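Some notes on the structure that comes next.
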Amino acid sequence: MKKIEAIIKPFKLEEVKDALSEIGIEGMTVSEVKGFGRQKGHTEIYRGSEYTVDFLPKIKIELVVADAQTDAAVGAIIKSAKTGKIGDGKVFVSSVEQAVRIRTEEKGESAV
Amino acid sequence: MKKIEAIIKPFKLEEVKDALSEIGIEGMTVSEVKGFGRQKGHTEIYRGSEYTVDFLPKIKIELVVADAQTDAAVGAIIKSAKTGKIGDGKVFVSSVEQAVRIRTEEKGESAV
Amino acid sequence: MKKIEAIIKPFKLEEVKDALSEIGIEGMTVSEVKGFGRQKGHTEIYRGSEYTVDFLPKIKIELVVADAQTDAAVGAIIKSAKTGKIGDGKVFVSSVEQAVRIRTEEKGESAV
Amino acid sequence: MSAGAQTATNSTAAATNAPAAAPALPPPTLDQRVSALEAYIQNGNPSASLMDTNGNQVTANTPIIGVAGPGHNTWMMTSTALVLFMTLPGLALFYGGLVRKKNVLSVLAQCFLITGLVTILWWLCGFSMAFGPGTGKHGPFWGDLGTYALFKGVTGASGGVSTPWVSLDVFACFQLTFAIITPALIIGSIAERMKFKAIFVFITLWMFVVYFPLAHMVWSGTGYMSGAANPASAGIKAIDFAGGTVVHMSSGWSAIVLCLILGKRIGFGKQNFTPHSLVATYIGTAMLWVGWYGFNAGSEVGADAVAANAFTTTTLATAVASFVWPMWEWLTKGRPSVLGFCSGAVAGLVVITPACGWVNPTGAVWIGIAAGTIPWFMCFKVKGWLGYDDALDTFGVHAIGGTVGAIMTGMLCDTAVNTLIPMQTNGVADHVKQVIEQFKAVGVTIALSVIGTIICAYITKALVGLRSSEEDEIQGLDISDHGEEGYHG
Amino acid sequence: MSAGAQTATNSTAAATNAPAAAPALPPPTLDQRVSALEAYIQNGNPSASLMDTNGNQVTANTPIIGVAGPGHNTWMMTSTALVLFMTLPGLALFYGGLVRKKNVLSVLAQCFLITGLVTILWWLCGFSMAFGPGTGKHGPFWGDLGTYALFKGVTGASGGVSTPWVSLDVFACFQLTFAIITPALIIGSIAERMKFKAIFVFITLWMFVVYFPLAHMVWSGTGYMSGAANPASAGIKAIDFAGGTVVHMSSGWSAIVLCLILGKRIGFGKQNFTPHSLVATYIGTAMLWVGWYGFNAGSEVGADAVAANAFTTTTLATAVASFVWPMWEWLTKGRPSVLGFCSGAVAGLVVITPACGWVNPTGAVWIGIAAGTIPWFMCFKVKGWLGYDDALDTFGVHAIGGTVGAIMTGMLCDTAVNTLIPMQTNGVADHVKQVIEQFKAVGVTIALSVIGTIICAYITKALVGLRSSEEDEIQGLDISDHGEEGYHG
Amino acid sequence: MSAGAQTATNSTAAATNAPAAAPALPPPTLDQRVSALEAYIQNGNPSASLMDTNGNQVTANTPIIGVAGPGHNTWMMTSTALVLFMTLPGLALFYGGLVRKKNVLSVLAQCFLITGLVTILWWLCGFSMAFGPGTGKHGPFWGDLGTYALFKGVTGASGGVSTPWVSLDVFACFQLTFAIITPALIIGSIAERMKFKAIFVFITLWMFVVYFPLAHMVWSGTGYMSGAANPASAGIKAIDFAGGTVVHMSSGWSAIVLCLILGKRIGFGKQNFTPHSLVATYIGTAMLWVGWYGFNAGSEVGADAVAANAFTTTTLATAVASFVWPMWEWLTKGRPSVLGFCSGAVAGLVVITPACGWVNPTGAVWIGIAAGTIPWFMCFKVKGWLGYDDALDTFGVHAIGGTVGAIMTGMLCDTAVNTLIPMQTNGVADHVKQVIEQFKAVGVTIALSVIGTIICAYITKALVGLRSSEEDEIQGLDISDHGEEGYHG
Ligand SMILES: Nc1ncnc2c1ncn2[C@@H]1O[C@H](COP(=O)(O)OP(=O)(O)O)[C@@H](O)[C@H]1O
Ligand SMILES: Nc1ncnc2c1ncn2[C@@H]1O[C@H](COP(=O)(O)OP(=O)(O)O)[C@@H](O)[C@H]1O
Ligand SMILES: Nc1ncnc2c1ncn2[C@@H]1O[C@H](COP(=O)(O)OP(=O)(O)O)[C@@H](O)[C@H]1O
């Protein structure tokens with residue numbers, strides 16, 4: 001199994017979710033994160049104190065998929081999350097050794 | 001060392017923490033996430049606009065443990081997090097190459 | 001490529017970010033987490049009900065780097081995040097198989 | 001005069017009879033007209049100088065009789081707005097901040113539901129039941145349906161002899177805001193687990209079984225416990241300026257009973273039930289305090305020296321209690337908490353409520369000290385020993401606070417402040433007599449609240465059930481009862 | 001008297017002429033002095049008893065003529081503060097809670113901008129344009145620049161014959177708060193996408209093109225649609241107690257037009273536009289309700305029986321509507337929502353606004369039922385069918401609610417409540433006549449608002465553009481327009 | 001009259017002597033009784049017509065002498081509630097929103113502590129020290145302990161000749177709310193780093209060393225700088241309508257001194273100190289504005305034409321300043337910010353405070369422009385140059401704003417608005433004289449505040465220390481000082 005982590009722009013979440021659903025992925029976990037990268041931030045001024053905000057809001061999607069689904073999933077994410085502008089984010093893939101569904105204690109690919 | 005990531009129902013956190021403490025695990029990191037899966041969400045209506053909320057609140061627990069502790073930890077999580085109802089969540093195990101305790105710069109299993 | 005995950009004290013974020021920038025790391029993803037460990041928490045009392053809060057606020061930094069940069073990055077983090085007091089946190093390193101930049105679909109080390 | 005003295009029982013009679021009789025009477029003299037104007041300044045009876053020694057009117061009304069006076073009417077409109085402000089958003093925020101995030105909207109919805117529901121009942125028949133004259137045997141306990149049902153005769157004209165300078169409709173609205181906040185206080189005990197439908201049914205029943213009769217007994221001119229407004233024939237000559245019994249004891253004692261019938265929240269004692277926003281609770285507390293000036297000083301139904309006294313004692317008792325409660329925390333737990341400041345202030349407001357127009361500033365300081373101490377002890381110690389789950393401490397603060405206030409009113413009342421004290425307390429013996437009356441009123445109020453709540457709760461249970469399902473309770477009532485979340489993004 | 005009756009058109013004249021004429025006149029008698037004091041209680045004209053049957057003053061002024069009376073002045077200062085409270089923070093929170101987190105500050109900034117901007121315009125010439133006498137052909141439609149520009153002659157002295165007991169400067173501030181909230185209401189429709197600079201320009205133009213003329217037409221003593229204040233020569237003898245046409249219809253109909261010109265928000269119908277804080281919306285709603293007492297009962301410009309009636313009908317209609325709206329939700333969607341309670345209350349407040357000083361309590365209950373039903377139907381059904389993006393439902397609630405209110409005022413007005421009803425409605429035929437006048441006023445108001453808004457919107461577009469860039473809209477207006485975020489950490 | 005004129009120094013004397021003397025005197029005539037009633041409308045002295053030309057009373061009191069008048073009393077109760085609302089929750093939210101999340105409760109707790117603590121001091125002896133007559137050499141600087149200690153003689157009866165229509169206890173509560181907000185303002189400078197215990201000790205000392213004497217000097221009938229209330233013998237004939245010196249300068253100058261003694265927050269200039277909730281700050285600002293009507297217009301102690309003027313100038317100056325400040329931001333930084341709107345409004349309120357009952361509307365507009373400019377310049381430019389860490393800008397806004405206001409009051413005061421101006425400013429020369437008096441008062445106020453604060457701060461440091469430990473400061477004061485968190489879940 002593989003774990004796919006995608007950092008995307010927040011307003012793209014719905015589209016990515018739909019794209020993944022379409023290729024039969026029915027589970028994922030999402031969290032709000034802040035991203036630092038090439039995309040430049042903005043300046044905020046509070047009564048004369050200027051702060052540069054260079055951690056920008058991003059969404060992280062994590063999903064564990066069967067090896068065979070990995071490429072399709074990565075492809076779906078890239079396609080649906082892309083705007084072509086700086087800051088679109090990244091997809092990382094790594095290996096997962098075991099997965100268990102808590103409810104049933106099923107293990108392995110049938111758990112995801 | 002292994003990294004265990006568990007996605008659980010929020011109100012189970014205390015129980016899982018206690019179960020892990022009991023088997024001698026003394027460190028973990030927790031975050032609030034939203035999960036999408038088989039557990040069905042609910043509908044919210046705001047002045048006639050209906051939204052289906054299918055990202056449900058979950059808690060993600062991350063802990064890095066020595067190889068030998070992995071099975072015990074996974075077992076403890078499963079046991080304490082289970083309600084038997086859909087949406088109980090998952091446990092994923094992957095491999096970690098290195099761990100460092102920042103304070104002491106200890107490395108490896110003694111760092112976790 | 002390696003994925004570095006660092007759990008640090010929240011007020012150290014700026015320093016760690018600067019330290020990483022200095023050695024040429026230009027991307028990272030940050031999230032707010034709660035940590036449980038040796039650092040002892042505090043007690044909160046609300047109208048006679050006492051709660052022990054032992055999940056303390058921490059910041060998790062995730063960054064994927066080329067293999068060659070790993071040691072430098074870990075070193076920079078440790079150096080900048082250290083206060084020497086309990087609760088300074090951990091750094092974990094694991095292996096990443098693939099990385100894609102969504103915007104350009106670049107793959108591998110050039111994507112990070 | 002106390003809140004009781006304002007009952008407008010013979011107001012419409014006064015307003016309609018006088019003009020009918022007028023043609024036969026000579027016009028008022030200039031002296032009488034000036035006396036009526038002076039009565040406006042004094043919040044007195046403008047008709048007094050028109051009467052002979054037998055109380056028969058000997059000249060026609062002056063032009064301002066039956067007319068609400070601008071200063072007093074302004075105070076009562078302002079006070080009414082302030083008391084509404086106590087519930088919406090004051091109490092809603094105070095309570096809403098104390099629950100967990102997943103239940104914040106449920107508390108808000110419950111407060112708003114009660115506002116609408118009670119207004120409709122009040123208009124339909126509630127005002128008439130509480131403040132209608134009530135004749136015959138049931139007169140001391142219950143008004144009548146005919147006098148003011150559907151706000152018949154409730155107009156902008158002055159409310160009559162006992163509230164000569166305030167529009168009757170404004171008085172009806174003022175009292176409505178009391179009828180709203182009282183059941184809303186109950187919510188504190190049963191928060192986070194009672195289903196919305198059950199609250200709807202329970203509160204509807206409870207208004208008829210507990211509130212309307214109690215308001216009549218304590219504040220109506222024919223009431224059984226109305227020592228100030230019905231001095232001649234009240235069975236119990238107790239005094240309650242702004243609602244220690246009617247509002248706080250009734251809600252508080254009902255709340256604990258309902259809370260016990262309902263049972264504890266899932267996870268009580270095990271999970272973390274930390275308030276989700278003490279900032280909201282703080283805002284709510286401050287709004288309660290500010291609004292309570294309308295509640296207490298408004299209960300004089302006029303902007304006179306007694307209202308001024310009520311305003312002052314409210315300020316002193318609340319400030320002192322808000323200081324004392326966190327000092328106890330500091331002493332016993334090492335830290336004064338924001339929730340302690342807020343709880344102390346609310347406790348101070350509760351305990352001074354029955355007393356505010358009867359005690360002097362020094363009395364108010366004593367009341368503040370008691371209010372910062374006794375309810376604190378209930379919440380920090382007794383609650384733990386007994387183990388009930390009074391979610392937001394309606395019992396510890398309102399039931400106990402209201403009871404303490406009712407009794408201390410008898411101990412500390414001062415005829416220099418207000419001449420209407422039934423026992424004309426000029427020495428210890430008189431005070432003892434007054435305290436005995438207060439104890440009687442406390443007993444009746446507790447009995448009515450406890451029994452009434454048991455009846456209403458079991459009827460509700462039979463009709464629609466009381467508790468949310470376990471699943472709903474865990475998910476949070478916001479989503480399950482209202483299909484919404486409090487905060488997003 | 002209605003808000004209309006308070007126009008202070010001849011106030012300075014009255015205040016300055018009388019003393020000039022005084023030397024020649026004999027001093028007032030004691031009887032006249034007492035009559036003037038009685039007029040204070042009654043909110044009547046203190047000079048009445050100084051006049052002969054031809055209306056010529058025959059004795060000198062009593063010492064209190066031209067002096068504001070403390071009770072009435074207090075009510076108007078309180079009311080003014082309450083109406084300001086409606087905008088800041090009431091409406092700002094109500095609207096701010098309904099937008100997404102990334103736009104909350106933009107709504108707050110827009111409300112504050114309007115407060116400052118409109119105050120400056122009002123001081124410069126707005127008050128004079130709206131409430132200056134206005135002579136000649138344009139008199140019914142427009143005041144004048146000379147009378148009160150730069151608040152010339154706007155002092156603490158009483159505002160004249162029609163508002164004898166209130167300081168003219170307080171009256172000017174009271175009316176200012178209406179001029180502030182009206183454009184602020186428009187923001188609801190165009191939230192989350194119109195750029196700050198464009199709002200600045202648009203509102204400035206709109207005040208001159210729509211608001212100042214409309215306020216003059218409806219409330220001035222020479223106004224074209226001012227049935228109560230200008231009974232003799234108004235072209236349309238409509239009544240509008242507190243601003244159904246001037247405030248709610250004008251803002252609501254302008255809002256929908258601007259919203260259509262502007263287009264939908266990016267992602268409308270696809271993305272989740274859930275309100276970011278219903279808690280904020282709830283607080284805002286409660287503040288609107290409390291503040292609205294100043295708006296409605298304050299529109300009597302005095303604390304008399306009509307003010308008391310307005311206070312009472314406002315309470316009843318709002319509470320009923322806040323109850324009815326969520327009941328419809330419960331029936332059709334299975335759950336009553338907090339947003340439903342809030343929306344119902346605001347709808348009730350809107351619909352009772354034109355009616356509050358003309359209808360009796362029973363009329364208010366009917367209005368509450370209508371207010372909880374018709375705007376609900378607009379928001380839940382019609383909006384979906386038509387598909388426009390009225391972000392926060394200014395159209396459904398204010399335009400439709402204001403229109404319903406204007407017409408129901410004609411249907412339900414009651415001469416026992418207020419004697420100034422032009423058609424002296426004593427039967428169905430009179431009511432039909434009054435309703436026809438109301439329909440005419442509705443027509444004029446819609447026409448002026450729609451055409452005025454089209455003109456102002458296209459001028460603004462030509463000058464600075466209307467919409468934020470796509471990038472700014474996605475990032476959120478807080479950062480792009482104001483360089484700040486609402487919440488941090 | 002200014003706030004000063006209301007000092008109730010001989011009130012109890014007046015209230016008790018008259019009845020004693022009464023038996024010997026003939027009853028008042030009808031004319032005198034009518035005159036007393038007319039005095040009520042005019043907020044004048046009702047005893048005036050009872051006196052012969054030597055000021056000896058020749059007839060007995062009319063029934064309303066010594067009785068508070070309903071309209072004025074209502075305004076003062078309303079105003080008192082409004083000023084309390086400024087602190088709780090207004091200022092608490094305004095400041096609380098500006099700090100980091102981890103310190104929000106500490107600010108809230110500090111405001112509540114001060115409310116309770118100052119109330120107790122005020123009741124004990126503070127009111128007597130500030131408003132007791134004060135005889136002998138120290139009379140101009142300090143009242144006395146005997147007159148009103150423990151609120152002796154502070155009842156609902158009218159406060160005496162200079163405040164004839166307001167209950168003395170209401171006046172005492174009104175002034176109490178000023179005594180509360182003043183030290184609470186100081187918190188802004190030292191937020192996020194001063195320990196709770198130290199604030200407790202410091203504020204207690206500071207009230208005695210700075211506040212009570214200053215209030216006496218400026219507002220008492222025997223005060224050294226009380227140009228309006230003590231026109232005959234004041235050493236400095238300055239005017240300060242509602243507290244430019246007593247409230248804003250004293251708190252602001254004390255704040256900067258304490259801030260310098262305390263040192264900067266850890267991480268100042270390096271870490272991000274972004275306000276954690278501008279929404280809270282916005283709500284707080286709006287509440288401050290609304291409550292400030294009680295502060296400014298209430299300082300007339302009556303609802304007369306001067307109160308109306310104060311109400312109007314407060315509206316204009318605040319609105320203008322709220323507009324001007326963000327325009328400077330727009331010009332220099334490219335974007336107008338919500339914090340800019342809020343800061344401008346507060347600055348406007350501060351600068352108009354001493355002036356509101358002395359200047360006309362045009363003067364208010366000038367003051368608004370100055371208020372939106374000078375404090376803006378302090379916060380955006382000067383603060384950066386000097387590098388002090390005035391966390392929430394108490395110095396820039398209150399110290400500088402109060403000073404600007406004190407001086408502009410002398411420049412712009414208008415005898416048509418208020419006849420009590422010491423220099424009867426009818427031309428440039430008179431204004432120069434008045435400005436000189438104002439400068440003297442500014443000097444005395446700064447000297448007292450600076451020296452007093454240094455003394456109090458070092459005593460506090462010696463007793464309990466001033467700063468939180470480094471660890472506590474990093475963790476946040478909410479947990480370390482109060483054992484709570486502001487938000488949860
Ligand atoms: N090396 C990295 N490790 C982890 N996350 C990264 C890394 N580089 C970028 N990110 C994440 O991806 C986001 C987008 O990256 P950025 O460089 O701004 O734009 P782009 O992906 O278009 O090159 C960042 O905000 C950050 O969250
Ligand atoms: N493939 C997956 N990858 C990552 N997280 C998943 C995956 N599938 C499910 N999850 C997480 O587990 C949670 C529970 O899954 P769900 O399918 O609802 O129930 P169950 O675990 O009982 O089958 C989801 O809400 C989501 O957070
Ligand atoms: N085994 C672990 N797996 C994951 N996170 C851990 C683990 N142990 C500690 N942590 C994280 O590191 C933080 C610091 O650990 P702690 O034991 O308190 O101090 P120290 O790192 O100084 O020994 C914890 O709060 C937790 O977030």
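Because the structure is predicted, anything quoted here is derived from the model rather than measured. Throughout, a chain's letter reflects where its sequence line sits, starting with A, and its residues are numbered from 1. Note that these values count all heavy atoms, side chains included, but never hydrogens, waters or copies made by symmetry.
Under the 6.0 Å cut-off for aromatic ring centres, F131(E) and Y148(E) do not qualify, their centroids lying 6.0 Å or more apart.
In plain terms, the two heavy atoms of W289(F) and A345(F) that are nearest each other are CE3-CB, 4.5 Å. In terms of heavy atoms, A319(F) sits closest to S322(F) at O-OG, 2.8 Å. Nearest heavy atom pair, residue F311(F) against residue A81(E), reads CZ-N, 4.0 Å. Closest of all the heavy-atom pairs between V83(F) and G294(F) is CG2-C, 3.7 Å. Between I283(E) and L93(E), the shortest heavy-atom distance links the atoms CG2-CD1, 4.1 Å. G96(F) approaches V107(F) most closely through the heavy-atom pair N-CG1, 3.8 Å.
Contacts of residues 478-489 of chain E with chain F at a heavy-atom distance below 4.5 Å involve I479(E), S480(E), D481(E), H482(E), G483(E), E484(E), E485(E), G486(E), Y487(E), H488(E), G489(E), listed in sequence order.
Looking at W165(F), neither its backbone nor its side chain comes within 4.5 Å of chain E, counting heavy atoms on both sides. When heavy atoms are compared at a cutoff of 4.5 Å, L176(E) approaches chain F solely by way of its side chain, counted from C-beta outward. Residue contact with chain E, scored on non-hydrogen atoms closer than 4.5 Å, is absent for P326(F). Contact annotation for T155(E): neither backbone nor side-chain heavy atoms come within less than 4.5 Å of a heavy atom of chain F. Interface remark: W292(F) contributes no atoms to any contact with chain E (heavy atom separation under 4.5 Å). Of the two parts of M327(F), only the side chain, counted from C-beta on, holds a non-hydrogen atom closer than 4.5 Å to a non-hydrogen atom of chain E. In this structure, the portions of T312(F) lying under 4.5 Å from any heavy atom of chain E include both its backbone and its side chain. With a threshold of 4.5 angstrom between heavy atoms, L105(E) approaches chain F through its backbone and through its side chain. For chain E, the nearby part of V365(F) is the side chain; its heavy atoms alone come within less than 4.5 Å. Using a 4.5 Å cut-off between heavy atoms, T318(F) makes no contact with chain E at all. Contacts between A307(F) and chain E at a heavy-atom distance below 4.5 Å involve backbone atoms as well as side-chain atoms.
Of the listed residues (F323(F), Y282(F), Y293(F)), the one with the most heavy-atom contacts under 4.5 Å to chain E is Y282(F). Most heavy-atom pairs under 4.5 Å with chain F, from the set V34(E), T177(E), L113(E), T62(E): that is L113(E). Residue with the most contacts toward chain F among L117(E), L150(E), V104(E): L117(E) (heavy-atom pairs, distance under 4.5 Å). Interface remark: of the candidates A303(E), P70(E), G116(E), P63(E), P70(E) forms the most heavy-atom pairs closer than 4.5 Å to chain F. Residue with the most contacts toward chain E among V324(F), L37(F), V279(F), N309(F): V279(F) (heavy-atom pairs, distance under 4.5 Å). For chain E, the option among L278(F), L82(F), T315(F), N73(F) with the highest count of heavy-atom pairs below 4.5 Å is L278(F). Per-residue counts of heavy-atom pairs under 4.5 Å with chain E were compared for L30(F), T274(F), N272(F); the largest is that of T274(F). When the candidates L316(F), T362(F), T74(F) are compared by the number of heavy-atom contacts under 4.5 Å with chain E, L316(F) comes out ahead. For the set H72(E), K197(E), M287(E), the entry with the most heavy-atom pairs within less than 4.5 Å of chain F is K197(E).
Residue pairs meeting the side chain to side chain donor-acceptor pair (under 3.5 Å) criterion with at least one member in residues 89-104 of chain E, sequence neighbours excluded: Y95(E)-T394(E), R100(E)-E192(E), N103(E)-E192(E).
Between the CZ atom in F295(E) and the CG atom in L288(E) there is a gap of 10.0 Å [rounded to 0.5 Å].
Other residues, nucleotides and ligands contribute over 12 non-hydrogen atoms within 6.0 Å of the CH2 atom of W330(F).
Between the side chain of T313(F) and the backbone N or O of N360(F), no donor-acceptor pair lies under 3.5 Å. Judged by distance alone, the side chain of S167(F) and the main-chain N or O of V170(F) form no donor-acceptor pair under 3.5 Å. T29(E) contributes a side-chain N or O that, together with a main-chain N or O of Q32(E), makes up a donor-acceptor pair within less than 3.5 Å.
Checked by atom type, the side-chain pair E329(F)/S337(F) shows a donor-acceptor distance below 3.5 Å.
Using the six-membered ring where Trp is involved, F112(E) and F341(F) have ring planes that are parallel, under 30° apart on the 30 and 60° scheme.
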Legend entry - Working for ring pair (Phe, Tyr, Trp, His ring centres under 6.0 Å), residues F196(E) and F200(E): CA-CA 6 Å; F196(E) 196 69; F200(E) 192 145; 7.4 Å; no
